[in-house]
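Sharing a structure below in structure tokens format, with a few things to ask.
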Amino acid sequence: MGGGQRPGPRLGWLRGAYACSELGTWLAFGAFPLIAVRVLHAGPAGVAAISCAGAAVGAAVAVPLGPWVEFRRKRPVMIAMDLVRALALLTVPAAYALGVLTFVQLLLVPVVVAAADITFRAASGAYLKTVLPTGELLVANARFESTSWLATIIGPPLGGAATGLLGPVATVAADAVSYLLSALGVRATGGTEPPPARRVSRRPRAADLLDGWRYVLGDAALRPLLVNTALFNGLVMATEPLLAVLMVGRLGFTPWEYGLAFAAPSVGGLLGARLARPLVGRFGQRRVLVAAGALRALWPVGLVLLGPGAAGLLLVAGVEFGLIFCCAVFNPVHATYRLQRTPADRVARTLSAWAVTTKASTALLTAAWGVLGALLGPRTAIGLAGVLLLATPLLLPRRSAPPLPDPGPAAAPARA
């Protein structure tokens, strides 16, 4: 760790910065579609475009940023991405106050935020690997995971109250402020950061954009794990709109019952994140990774049995609790395993490629399941996703990964 500092204070500032940005994100959850409906009177197609375009286009915009981040100091990049997200979001309340807010702006701002978010996460992963000892990585990732679930529990109710009192534009402003606070937290970590990897060539090439994918696909341990992550996240997220249609539409649940069914089980995320490190200490990293990854795939298929009334509400809450608990154990172990399997001079490119892949696959599968839901009905489409999820554990590492190859001259940092 640079500067000879203990990881505790630095990790504390990073966690505080992460908590601010996560809470802001959940405070403003759903704000853009609400602004589109209430302020610009957009229809269903416009709302759907705002909901999906940001992640999909933002992922494409972020592709060249992974190689760019790799050869720069990571903390300044993290601060810059926080400021980019804050400034982009602040344009919305500013335009609203001036009476010049447009639908195009509501489409473009999520694109900028999504691209900056991917870049920030790639830089933060590389920063963690640089400044923390290997033994502290699981501690850090488990704390970030628990922070994420705590923000999930607190944020939406507060955001809903703020939206009711002040309107959705106010929650967007709060989200922007959260990124400013995050930037201050990252800056407060202080200390020194080792110099980044040096470029082999000064001129970037189009092929260099694929460096992250080349490394992942060439690693026998990371390749199946990427496919597992992309399929699992995509299939789970693809069923959420269909579940909303089934619960609120056909089964007659009220909006508050629907929200409760997903908010209350988030407590399982706190519990799972706290147990991740003790479980790894007792059973080993690979066993916990495989067991939690397999168990999380068993829960969603139970949603096909969803019915009306209290029994249906308890079924959804139970399925979500089990799913969230297993994911909260899996996620920090998975994040740590991925960092340990990636050389320090490739982390940013690898994490960027990983994020772009998962976001693109989620957008694609969500669109595909929307079509399936229209053709087959939401319950059948949800059941099909649940059955496919049962096969995802086959893509988890079933044996110990070989050690990383010696970097040597042949594995010098790729061009960027």
Relative to F120, does R85 satisfy both conditions: NZ or CZ under 6.0 angstrom from the six-membered ring centre, and within 45 degrees of the ring's axis?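 Yes; both conditions hold, so R85 lies above the ring face of F120.
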
Give, for atom OH of Y127 and atom CG of L132, the distance between the pair rounded to the nearest 0.5 Å. 8.5 Å

Hydrogens and angles aside, do N233 and T358 bring a side-chain donor and acceptor to less than 3.5 Å of each other? no

Just how far is it from atom OG1 of T342 to atom CG of L351, taken to the nearest 0.5 Å?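 These two atoms lie 6.5 Å from each other.
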
Does some side-chain heavy atom of M78 sit less than 4.5 Å from a side-chain heavy atom of L14? yes

For F262, does the CZ atom have more than 12 heavy-atom neighbours from other residues, nucleotides or ligands under 6.0 Å away? yes

Nearest heavy-atom approach of A292 to V329 is CB-CG1, 3.9 Å

Got a donor-acceptor contact below 3.5 angstrom from the T366 side chain to the T362 backbone?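 Side chain of T366 to backbone of T362: a pair is present.
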
How close do G66 and A348 get, heavy atom to heavy atom, and via which atoms?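 Taking G66 first and A348 second, the nearest heavy atoms are O-CB, 4.1 Å.
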
So which heavy atom on L365 is nearest to which on A230, and how close?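 What the structure gives for the nearest pair is CD1-O, 4.4 Å.
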
Do M247 and E257 come within less than 4.5 Å of each other through their side chains, counting heavy atoms only?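 No. Closest side-chain heavy atoms not under 4.5 Å.
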
Do the side chains of R250 and P378 get nearer than 4.5 Å, heavy atoms only? yes

Okay, side chain of K359, backbone of T357: is any donor-acceptor separation there less than 3.5 Å?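 Not confirmed, K359 side chain does not pair with T357 backbone.
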
For the backbone of R349 and the side chain of E70, can you confirm whether one donor and one acceptor N or O come within less than 3.5 Å of each other?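 Checked: pair present.
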
Please determine whether side-chain contact (heavy atoms from CB on, under 4.5 Å) holds for the pair R338 and L225, giving the CA-CA distance in whole Å, both sets of side-chain angles, and the decisive distance to 0.1 Å. CA-CA 9 Å; R338 184 176 56 189; L225 201 55; 5.5 Å; no

As a test of understanding, state which of L289, N331, L128, L137 forms a side chain to side chain contact (heavy atoms under 4.5 Å, CB included) with T336.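 Of L289, N331, L128, L137, side chain to side chain contact (heavy atoms under 4.5 Å, CB included) with T336 is met by L137 alone.
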
Sub-3.5 Å donor-acceptor pair from the side chain of W369 to the main-chain atoms of A381, do we have one? yes

Quick check: are there more than 12 heavy atoms from other residues, nucleotides or ligands sitting under 6.0 Å from CZ of R73? yes

Mind checking whether F321 and F325 have parallel, tilted or perpendicular rings, split at 30° and 60°? parallel

With a 4.5 Å heavy-atom cut-off, do C326 and W299 have their side chains touching? yes

Between S146 and R15, do the side chains contain an N or O donor and an N or O acceptor separated by less than 3.5 Å?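 Note: S146 and R15 side chains meet the donor-acceptor criterion.
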
Check whether any side-chain N or O of S178 sits under 3.5 Å from a backbone N or O of D175 as a donor-acceptor pair, and report yes or no. yes

Sub-3.5 Å donor-acceptor pair from the side chain of T239 to the main-chain atoms of V236, do we have one?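 Yes, because the side chain of T239 sits within donor-acceptor range (under 3.5 Å) of the backbone of V236.
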
Euclidean distance, T134 OG1 relative to L339 CG, rounded to 0.5 Å: 9.5 Å

Does a side chain donor of either T25 or Y179 reach within less than 3.5 Å of an acceptor in the other side chain? yes

Between T119 and V77, does a side-chain contact (heavy atoms from CB on, under 4.5 Å) hold up when you go through it step by step? CA-CA 8 Å; T119 307; V77 171; 4.2 Å; yes

Salt-bridge contact R277-E136 (side-chain N to carboxylate O under 4.0 Å): no

Heavy-atom check, side chain of V112 versus side chain of V84, under 4.5 Å: yes

Taking atom types as modelled, find out whether W213 and T350 have a side-chain donor-acceptor pair closer than 3.5 angstrom.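 The answer is no; no qualifying pair exists.
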
Rounded distance [0.5 Å steps], OG1 in T163 versus CG in L27: 8.5 Å

Quick check for you: to the nearest 0.5 Å, what is the distance between I79 atom CD1 and R187 atom CZ?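 Interatomic distance, I79 CD1 to R187 CZ, rounded to 0.5 Å: 7.0 Å.
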
Short question: side chain of R223, backbone of L217 - any donor-acceptor pair under 3.5 Å?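 It does hold such a pair.
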
When you measure from the side chain of N228 to the backbone of T392, do you find a donor-acceptor pair of N or O atoms at a distance under 3.5 Å?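 Between the backbone of T392 and the side chain of N228 there is a qualifying donor-acceptor contact (under 3.5 Å).
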
For atom CZ of R379, is the number of surrounding heavy atoms from other residues, nucleotides or ligands below 6.0 Å larger than 12?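 It does: R379 CZ has more than 12 such atoms within range.
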
Quick check: closest heavy atoms across T91 and A88, and the distance to 0.1 Å? OG1-O, 2.6 Å

Please round to the nearest 0.5 Å and tell me the distance separating atom OG1 of T171 and atom CG of L34.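 Rounded to the nearest 0.5 Å, the OG1-CG separation comes to 8.0 Å.
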
Nearest heavy atoms of A59 and V356, plus distance in Å: O-CG2, 3.4 Å

Any non-hydrogen side-chain atom of D82 less than 4.5 Å from a side-chain atom of L180? no

